[in-house]
Amino acid sequence: MTETGPLDGASAGRTIALTVRFLLELALLAGVAVLTWNLTVGWWRWPAAILGVAVVATVWGLFLSPKAAVPLRQPAPLGIEVALFVGTGAGLLAVGFGISAGIGVGLWIIDRIALALIQN
């Protein structure tokens with residue numbers, strides 16, 4: 001028996017939207033690293049950045065990934081996702097990365113809308 005993935009049988013539009021989502025997830029992790037780096041000083045920067053990324057990646061894997069260890073009913077996963085993306089964006093804005101934050105949050109919103117509209 002073969003496992004099916006999220007792209008099996010997906011339309012080109014959905015495939016693109018899911019690819020963009022994956023890239024946005026990676027950008028979220030990079031944003032968390034930049035944010036924690038800028039919020040700490042001294043030798044704490046490295047551990048803080050690594051820990052921040054690890055916490056967000058763990059939350060994503062537990063609650064938001066396609067094979068989430070703890071599946072939640074809507075709207076809980078969306079709420080967590082909003083908190084992660086908007087919270088990181090707000091933090092980046094506060095530490096001087098407003099353009100990057102705006103682009104990231106804007107692309108995330110567009111991608112969420114695209115995924116909601118494109119069923120398969």
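Worth knowing before you read on, the calculation uses all heavy atoms, side chains too, and leaves out hydrogens, waters and symmetry mates.
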Could you grab the distance from atom CG of L92 to atom CD1 of I99, nearest 0.5 Å is fine? 12.5 Å
If a pair satisfies salt bridge (charged side-chain N to carboxylate O under 4.0 Å, His left out) and one of its residues is in residues 88-106, list it, with sequence neighbours excluded. none
When clusters are formed by joining ILVMFWY residues with side-chain heavy atoms under 4.5 Å apart, either directly or through shared neighbours, do F63 and V32 land in the same one? yes
Would you say S11 and I118 make side-chain contact, with heavy atoms under 4.5 Å? yes
Distance-only donor-acceptor hits, side chain of residues 45-62, under 3.5 Å, sequence neighbours excluded:
| residue | atom | partner | partner atom | Å |
| --- | --- | --- | --- | --- |
| R45 | NE | W37 | O | 3.0 |
| R45 | NE | T40 | O | 3.0 |
| T58 | OG1 | A54 | O | 2.7 |

So among T19, L26, L24, L18, which one has a side-chain contact (heavy atoms from CB on, under 4.5 Å) with F22? L26
Applying salt bridge (charged side-chain N to carboxylate O under 4.0 Å, His left out), name anything that partners E81, two or more places apart in sequence or on another chain. R21, R112
Following the transitive rule for hydrophobic clusters with a side-chain heavy-atom cut-off under 4.5 Å over Ile, Leu, Val, Met, Phe, Trp and Tyr, establish whether L35 and W43 coincide in one cluster. no
P77: which residues meet the side-chain contact (heavy atoms from CB on, under 4.5 Å) condition with it, sequence neighbours left out? L64, L72, Q74
Please, which pairs that meet side-chain hydrogen bond (donor to acceptor under 3.5 Å, both in side chains) have at least one residue in residues 87-96, sequence neighbours excluded? none
Taking the side chain as C-beta and beyond, is there a heavy-atom pair between I113 and L117 under 4.5 Å? yes
With the 4.5 Å side-chain cut-off for hydrophobic clustering, are V70 and L84 part of the same group? yes
According to a hydrophobic-cluster definition based on side-chain heavy atoms being under 4.5 Å apart (Ile, Leu, Val, Met, Phe, Trp, Tyr only), do I103 and I110 belong together? no
Once ring pair (Phe, Tyr, Trp, His ring centres under 6.0 Å) is applied, what residue pairs with a partner in residues 88-120 remain, sequence neighbours excluded? F85-W108
Compare every heavy atom of A114 with every heavy atom of A17, then report the nearest pair and how far apart it is. CB-CB, 4.4 Å
With clusters defined by side-chain heavy atoms of hydrophobic residues (ILVMFWY) lying less than 4.5 Å apart, directly or transitively, does V105 cluster with L23? no
